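These notes concern the structure reproduced below.
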Amino acid sequence: MKPQIRKIKVQGTAFNTLRKYGQLNRRPIPIEDIAFGERMEFSFERLVGCEARLVRLGQGHGYARISNRIREEGRKRFTIAHELGHFLLHPNITQVFECTTGDLTDYRKNPIEIEANLFASEVLMPSIQFKELSKTTDPTFEGIGELAKKFNVSLTSAAIRFIDCGPIENMVLLRTNSKGQVKWSKAKQDNFRYWIEKDTQIDPRTM
């Protein structure tokens, strides 16, 4: 049974957050300023066993610790946005969130993490902007890489967003290990009929 995701709720929260700060048409989105505006402070520290940890500090105030091992600017920004998603969307679930690398990359985990990932994508790569730019973007890593630069996000985040919002009807993204085994996959859910299981061995002739 597929998890129930509050997609409209997440999209609405992201849109209203950007509108609140007058950032709907800005690129890249100043997620750090928005987080502080929403009273979610953050810092980069040494963490063990997770990429980020969010703690609620009373009514409407939170503090996120982000792993200082994250070097790529795009991943840092996505992690901040992910924790802000938890902060805004899940106030009544728990006072502490611990997010691993898998939580930030696997779009088939529990609904809470999926919603936080969706919020991060929506707030960093607003639909109106991203859909328009993707119309003239080649479905290649070079083309999607240009989108990643424009929004200051990681290539992976931009590729996943391209699958969800881009003009290509059937497209799948695979992340494999050195042995050619699938670690995770992402496809446009409405159009892709097949599910690619984790650890599936990809034929070496696959493009």
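Model, not experiment: these values are computed from the prediction. Note that these values count all heavy atoms, side chains included, but never hydrogens, waters or copies made by symmetry.
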What distance separates [X] [atom1] from [Y] [atom2], expressed to the nearest 0.5 Å?
{"X": "His82", "Y": "Arg77", "atom1": "NE2", "atom2": "CZ", "result": "16.0 Å"}
{"X": "Ser127", "Y": "Leu18", "atom1": "OG", "atom2": "CG", "result": "10.0 Å"}
{"X": "Ile112", "Y": "Arg6", "atom1": "CD1", "atom2": "CZ", "result": "8.5 Å"}
{"X": "Glu146", "Y": "Leu155", "atom1": "CD", "atom2": "CG", "result": "11.0 Å"}
{"X": "Leu124", "Y": "Asn152", "atom1": "CG", "atom2": "CG", "result": "9.0 Å"}
{"X": "Ile66", "Y": "Phe78", "atom1": "CD1", "atom2": "CZ", "result": "12.0 Å"}

According to a hydrophobic-cluster definition based on side-chain heavy atoms being under 4.5 Å apart (Ile, Leu, Val, Met, Phe, Trp, Tyr only), do [X] and [Y] belong together?
{"X": "Leu88", "Y": "Leu57", "result": "no"}
{"X": "Leu84", "Y": "Tyr21", "result": "yes"}
{"X": "Leu54", "Y": "Val96", "result": "no"}
{"X": "Leu118", "Y": "Leu24", "result": "yes"}
{"X": "Ile128", "Y": "Val153", "result": "no"}

**Message:** Please give me the minimum heavy-atom distance between Ala116 and His90, naming the atom from each residue.
**Reply:** N-CE1, 4.4 Å

**Request:** Over all heavy atoms of both residues, which pair between Ser134 and Cys165 is shortest? Give the atoms and the distance, please.
**Result:** OG-O, 4.0 Å

**Message:** What I'd like to find out is whether the side chain of Lys135 reaches to under 4.5 Å of the side chain of Glu132, using heavy atoms alone.
**Reply:** yes

**Prompt:** Is there a donor-acceptor pair under 3.5 Å between the side chain of Glu115 and the backbone N or O of Glu113?
**Reply:** no

**Message:** Can you classify the ring geometry of Phe151 versus Phe130 as parallel (below 30°), tilted (30 to 60°) or perpendicular (above 60°)?
**Reply:** tilted

**Check ion pair Glu38-Lys20 (N to O, under 4.0 angstrom)** = yes

**Prompt:** So with a 6.0 Å cut-off around CD1 of Ile8, is the heavy-atom count from everything else above 12?
**Reply:** no

**Item:** side-chain contact (heavy atoms from CB on, under 4.5 Å) between Phe87 and Arg56, intermediate numbers included
**Value:** CA-CA 8 Å; Phe87 185 66; Arg56 294 187 184 278; 3.2 Å; yes

**Request:** Test side chain to side chain donor-acceptor pair (under 3.5 Å) on Ser154 and Ser157 and set out the steps.
**Result:** CA-CA 5 Å; Ser154 69; Ser157 296; 2.9 Å; yes

Validation: residues 25-35 side-chain donor-acceptor distances under 3.5 Å, sequence neighbours left out:
unit_1	atom_1	unit_2	atom_2	d
Arg27	NH1	Gln129	OE1	3.1

**Request:** For the pair Arg161 and Ser121, evaluate side-chain contact (heavy atoms from CB on, under 4.5 Å) and give the outcome as yes or no after the intermediate values.
**Result:** CA-CA 7 Å; Arg161 189 69 166 151; Ser121 295; 4.0 Å; yes

Acceptor/donor pairs from residues 39-48 side chains to any protein atom, 3.5 angstrom cut, sequence neighbours excluded:
unit_1	atom_1	unit_2	atom_2	d
Glu41	OE2	His61	NE2	3.0
Ser43	OG	Glu45	OE2	2.5
Ser43	OG	Tyr63	OH	2.5
Glu45	OE1	Arg65	NE	2.7
Glu45	OE1	Arg65	NH2	3.1
Glu45	OE2	Tyr63	OH	3.3

